[in-house]
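Here is the structure we will look at, set down as structure tokens.
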Amino acid sequence: MSENATPIKAKTPTAAEVALIKKFLNDTTLFLGPDPEIMQNHDLMPRSAYEDDCIAKVSDARTVAKIRDRIQAGCDEGFEMVEQMGAAPGAKWGDLITGVYSAAGDLAIASSGGVLVFSALVHHPIKFIIKNWVNDPSVGVREGDGFIHNDSRYGNIHNTDQSMIVPIFHEGQIVCWVACTVHEGENGAIEPGGMPSMAESPSDEGLKMCPFRVVENYQIKRDILTFLQNSVREPKLQYEDMKVKLFACLRIKQRIEETLRTDGPESLVSTLRLSMENVRTEVKRRISEWPDMTVRTYIIQDSTLRENCVVKINCQLTKTGDRLIFDFRGSAPEFTNRATNTILAGLKGMLSQVFLCYVWPDLPRSQAAFAPIEVITDPHSIVNSSYDAPNSQSLMSIFTGFTAGQHAVAKFLYSCPEKYTKVHAPTFNMINTFIWGGVSQHGELLGNLCADLNGMGGGARSDMDGEHALAPIFATMADIGEQEINEEDVPFLQLVSKKMTMDAIAPGKYRGGQGYTMIASTKDSEQWGFMTVCQGAKIPPIQGLFGGYACGTYPLCKIKGVDAYEVLIDEPHKFKHSIAELMNERPFEDATYTTHHMGMGFEISKRGELFMISQGAGAGYGDLLERDPAAVIRDIEEGLMSQGVAARLYKVKFDPETLVIDPVETKALRDAERKARIARGVPYKDFVKTWNKPKPPAHLQYFGCWGDDAGTLYVGSPDITRDASKPKPNYMRNPKDVRIDELEARLAQLGALLEDKT
């Protein structure tokens with residue numbers, strides 16, 4: 001036998017050798033990318049020995065409540081500072097959050113207003129800093145430092161949100177962290193405004209800031225600031241809001257230091273820890289009261305913002321004992337070159353908003369409210385995308401994921417004897433607004449978005465209609481902005497703003513809250529344009545509840561080849577104040593009228609051209625035939641619904657002139673409709689035979705599972721499937737190439753016809 005075939009006994013390395021190898025590997029790390037260990041964990045960090053000691057010394061409820069309220073007030077104070085002084089439109093209307101985090105990085109207390117999903121995510125970058133920078137001799141974390149961050153892959157929603165993170169020290173030790181996150185908008189992406197739907201890779205999405213130091217001795221470092229300003233279209237915005245976020249953090253720091261002086265570090269640390277643990281314990285207790293069962297639901301996205309297709313968000317919610325499990329397996333695979341993906345942390349952050357805003361709004365706002373709840377997804381899915389896929393439009397997936405969760409949870413709440421809020425049909429979930437950019441009337445290069453996205457129609461409740469244009473699902477205390485103030489900075493007008501859209505309803509025993517119409521038109525710039533980043537022009541992005549209906553669909557409409565300002569001067573009678581009138585009557589003779597799906601890439605707009613969109617309505621609740629006829633008439637009187645639609649949907653008989661209800665005829669109509677329903681009905685086993693199909697239809701580009709088989713995903717065609725547990729890239733062709741192929745095929749057909757004739 002050859003000597004080489006003789007096995008050689010390996011030498012067991014000594015502890016010193018193991019330490020040396022470890023040090024070598026740590027010192028030669030090529031790239032500190034997003035850490036899966038950090039990013040996949042949304043639970044609280046284990047108690048430290050110091051926290052145990054602090055709780056042993058201070059744990060009485062009165063002290064904890066006093067300190068928590070003081071810090072809560074500090075967070076609210078910081079929030080109001082940013083809202084009043086911030087430069088970004090998002091800052092001015094409340095699209096921000098402030099919070100205090102434990103020494104280990106867990107969110108303990110957040111501001112009462114703002115976007116909770118931010119604070120449910122910012123614990124990830126803080127934990128990255130703790131793990132990688134605290135003990136790194138080239139970085140370190142010192143008193144007076146501040147860190148900036150925006151890359152969602154390290155913990156955020158999408159690139160347009162920027163966080164300022166400041167450690168708080170006491171006698172040389174970190175006792176907690178404070179942070180402020182704002183939707184800044186412009187970030188140097190391929191399209192202005194920060195949310196590029198045209199992005200085909202993360203490299204198209206602008207600034208990708210992992211957590212890094214930008215503040216020393218509480219001063220912003222000018223070299224780093226200049227680099228960041230040089231990387232975006234709005235250097236003034238970048239600088240101003242970095243300062244505002246920093247000073248908001250310093251104000252919260254001031255309140256924490258007051259607590260340290262009056263009550264000591266043990267009281268602060270104990271309060272932060274017990275606040276989280278008490279919420280976590282209460283969540284598990286409340287879950288245990290829910291019925292043990294499983295609810296299945298799904299939501300459909302109708303585009304990638306660049307092409308129409310059917311994209312499934314699949315959700316199964318199971319409760320057993322004190323365990324609550326969201327299972328999103330079977331959702332569409334990620335789009336490797338489209339921006340509508342989300343990382344898993346973003347989905348979890350939005351699901352936490354379901355509970356903190358719509359299920360348990362009485363609980364203190366912290367990471368702990370979602371900590372014990374479990375989430376399962378397929379790898380490389382649209383709700384758990386890889387780090388190589390773009391996600392600047394993650395809102396499309398996390399908002400539909402939110403709605404799937406809200407829809408499923410409502411069915412548990414209905415059966416729960418003790419409720420902490422009303423059972424709620426889904427609120428509208430798309431950011432139906434305009435993103436804008438270009439050169440302003442003042443010669444400045446700008447890029448951002450309108451606050452109209454915050455006017456989402458509220459879902460109907462178990463005992464009353466939904467609120468009109470109430471608030472966005474991501475920030476229940478937010479503003480829709482003042483368009484007149486906005487017009488001082490940007491070269492366009494909203495010729496129609498905040499006008500309720502007739503018949504854009506979600507009917508039910510209680511109807512959803514309405515959205516409103518926006519008609520925007522460039523005025524004082526030749527280098528200005530718009531884009532939209534939303535879905536729902538073909539298929540509603542929400543579902544009704546318990547017999548209520550979803551909202552309608554809302555296309556984008558454009559009128560080109562017209563100067564509306566000249567029309568308003570010369571022929572004002574031609575201008576109409578609703579999309580339906582303008583598109584149906586077509587009052588401008590030489591103009592071009594088009595409808596568009598809701599995703600429109602950035603497009604330069606000429607003076608007086610009209611870009612028209614509607615904010616959506618919340619979902620309806622309950623059977624239409626149980627709606628109070630007086631409520632139907634009230635909707636007609638308020639211009640929310642036309643008489644014909646009211647009579648057809650609700651089976652109400654009334655005098656068209658006086659709107660007086662005929663109760664006898666109304667009862668007869670409704671009784672007849674109930675009998676007609678029974679006549680139309682078939683046994684379930686017969687219904688399934690005609691309704692269920694073995695595969696998706698061939699004419700639709702369909703993505704996701706079909707039926708109950710969540711392990712098999714369809715990828716754009718009934719003939720293309722893949723195992724959900726074995727992800728592969730899923731590339732979409734450039735829409736321009738698709739269009740070129742279509743035109744070339746038509747040319748070939750015409751050429752063949754000409755040859756036949758000759």
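No experiment lies behind these values; they were computed from the predicted model shown.
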Task: pair V359-V354: side-chain heavy atoms closer than 4.5 Å - done: yes

- [ ] Ignoring hydrogens and angles, tell me if any N or O in the side chain of N429 forms a donor-acceptor pair with the backbone of F402 under 3.5 Å.
- [x] no

Open item on the list: Let me confirm one number: the CZ-CG distance from R338 to N391, rounded to the nearest 0.5 Å.
Closed with: 15.0 Å

Open item on the list: I'd like to know if the side chain of Q393 reaches the main chain of S197, judged simply by a donor and an acceptor atom lying under 3.5 Å from each other, with no hydrogens or angles considered.
Closed with: no

Open item on the list: Quick check: Y621 with F546 (ring centres under 6.0 Å apart)?
Closed with: yes

TODO: Return the minimal non-hydrogen interatomic distance between A475 and A471, and the atom names on each side.
DONE: O-CB, 3.9 Å

Task: Shortest non-hydrogen contact from V375 toward L347 - done: CG1-CD2, 4.2 Å

Task: Intermediate values then yes/no, side chain to side chain donor-acceptor pair (under 3.5 Å), T318 and T294 - done: CA-CA 4 Å; T318 300; T294 295; 3.0 Å; yes

Open item on the list: If you define the side chain from C-beta out and look only at heavy atoms, does anything of T427 sit under 4.5 Å from L470?
Closed with: no

Open item on the list: Does any part of the side chain of Q514, heavy atoms only, come nearer than 4.5 Å to the side chain of I505, both counted from C-beta?
Closed with: yes

- [ ] Identify the heavy atoms of R285 and Y420 that sit nearest to each other, and give their distance.
- [x] NH2-OH, 3.0 Å

Open item on the list: With heavy-atom distances below 4.5 Å as the criterion, would you say the side chains of D327 and L317 are in contact?
Closed with: no

Open item on the list: So for atom OH, which belongs to Y298, do other residues, nucleotides or ligands contribute more than 12 heavy atoms lying within a distance under 6.0 Å?
Closed with: no

TODO: Would you check if the side chain of N150 reaches a backbone N or O of M209 as a donor-acceptor pair within less than 3.5 Å?
DONE: yes

Task: Minimum side-chain heavy-atom gap M518-S614 below 4.5 Å - done: no

Open item on the list: Can you list everything that forms a salt bridge (charged side-chain N to carboxylate O under 4.0 Å, His left out) with D709? Sequence neighbours excluded, please.
Closed with: none

Task: Worked verdict on T595 versus C557 for side-chain contact (heavy atoms from CB on, under 4.5 Å) - done: CA-CA 4 Å; T595 57; C557 299; 3.8 Å; yes

Task: E603 side chain to M531 backbone, donor-acceptor under 3.5 Å - done: no

Task: K127 with D106: basic N within carboxylate O range, under 4.0 Å - done: yes

- [ ] Please name the pair of heavy atoms, one in L351 and one in G405, separated by the smallest distance, quoted to 0.1 Å.
- [x] CD2-CA, 4.2 Å

Open item on the list: Rounded to the nearest 0.5 Å, what separates atom CD1 in I720 from atom CG in L713?
Closed with: 13.0 Å

Task: Atom of A332, atom of V311 and distance for their closest heavy-atom approach - done: CB-CG1, 3.5 Å

Open item on the list: Any heavy-atom pair between the side chains of L96 and T181 that's under 4.5 Å?
Closed with: no

Open item on the list: Can you confirm whether the side chains of S381 and S331 place a donor and an acceptor under 3.5 Å from each other?
Closed with: no

Open item on the list: Please determine whether a side-chain nitrogen of the Lys or Arg among D292 and K319 lies less than 4.0 Å from a carboxylate oxygen of the Asp or Glu.
Closed with: yes

Open item on the list: Would you call the rings of F474 and F399 parallel, tilted or perpendicular, taking 30° and 60° as the class edges?
Closed with: parallel

TODO: Could you tell me which non-hydrogen atom of I97 sits nearest to which non-hydrogen atom of G114, and how far apart they are?
DONE: CD1-C, 4.0 Å

Open item on the list: Looking at R739 and E742, is there a salt bridge between them, counting it only when a charged N and a carboxylate O are closer than 4.0 Å?
Closed with: yes

Task: From S392 atom OG to H158 atom NE2, the distance as rounded to the nearest 0.5 Å - done: 8.5 Å

- [ ] Dump the intermediate steps for side-chain contact (heavy atoms from CB on, under 4.5 Å) on L107 and R365, then the final yes or no.
- [x] CA-CA 9 Å; L107 173 68; R365 298 186 162 200; over 6 Å; no

Task: Spacing of NE2 belonging to H123 relative to OH belonging to Y101, to within rounding of 0.5 Å - done: 8.5 Å

Open item on the list: Does the plane of the ring in Y554 sit parallel, tilted or perpendicular to the ring in F428? Use 30° and 60° as the thresholds.
Closed with: perpendicular

- [ ] State whether the side chain of D302 and the backbone N or O of V310 hold a donor-acceptor pair below 3.5 Å, judged by distance alone.
- [x] no

Task: Value rounded to 0.5 Å, distance of OG1 in T336 from CD in E200 - done: 11.0 Å

Open item on the list: Using only atom types and a distance under 3.5 Å, with no angle test, would you say the side chain of T532 pairs donor to acceptor with the backbone of M598?
Closed with: yes

Open item on the list: Side chains of L324 and F355, heavy atoms from C-beta outward: is any pair under 4.5 Å?
Closed with: yes

TODO: Using a 4.5 Å cut-off on heavy atoms from C-beta on, say whether the side chain of I313 contacts that of I382.
DONE: yes

TODO: Give the ring-plane orientation class for W290 versus W360, where under 30° counts as parallel, over 60° as perpendicular and anything between as tilted.
DONE: tilted

Task: Enclosure of K728 NZ (heavy-atom neighbours >12, cutoff 6.0 Å) - done: no

Task: Expected output: side-chain Q301 to main-chain M396 donor-acceptor under 3.5 Å - done: yes

Open item on the list: When you measure from the side chain of T320 to the backbone of R323, do you find a donor-acceptor pair of N or O atoms at a distance under 3.5 Å?
Closed with: no

Open item on the list: Between S386 and D388, do the side chains contain a donor N or O and an acceptor N or O under 3.5 Å apart?
Closed with: no

Task: Centroid-centroid distance, Y731 to F335, less than 6.0 Å - done: no

Task: Salt-bridge present (R280, D43; N to O < 4.0 Å) - done: yes

- [ ] Please state whether the rings of Y154 and F128 are parallel, tilted or perpendicular, taking 30° and 60° as the class boundaries.
- [x] perpendicular

Task: Electrostatic pair E374:K348 at N-O distance under 4.0 angstrom - done: no

Open item on the list: Using 30° and 60° as the class boundaries, would you call the ring planes of W706 and Y702 parallel, tilted or perpendicular?
Closed with: perpendicular

Task: Salt bridge flag under 4.0 Å for residues K284 and D322 - done: yes

- [ ] Walk me through it: do L344 and T377 pass the test side-chain contact (heavy atoms from CB on, under 4.5 Å)?
- [x] CA-CA 8 Å; L344 179 58; T377 65; 3.8 Å; yes

- [ ] Flag the pair Y714 / F703 as yes when their ring centroid distance falls below 6.0 Å, and as no otherwise.
- [x] no

- [ ] Measure the NE2-OG1 distance between H183 and T160 for me, rounded to the nearest 0.5 Å.
- [x] 3.5 Å

Open item on the list: Could you tell me if N341 and S385 have a donor-acceptor pair between their side chains, going purely by distance under 3.5 Å?
Closed with: no

Task: D737 atom CG, neighbour heavy-atom count above 12 within 6.0 Å - done: yes

Open item on the list: Between N314 and R329 (side chain of the first, backbone of the second, donor and acceptor by atom type, cut-off under 3.5 Å), is there such a pair?
Closed with: yes

Task: Test side-chain contact (heavy atoms from CB on, under 4.5 Å) applied to M195 and L449, step by step - done: CA-CA 9 Å; M195 296 191 290; L449 76 169; 3.8 Å; yes

Task: Main-chain N/O of G330 paired with D378 side-chain donor or acceptor, under 3.5 Å - done: yes

Task: N-O pairing of R733 and E307 below 4.0 Å - done: no

Open item on the list: Between R286 and D362, does any NZ, NE, NH1 or NH2 come within less than 4.0 Å of an OD or OE carboxylate oxygen?
Closed with: yes

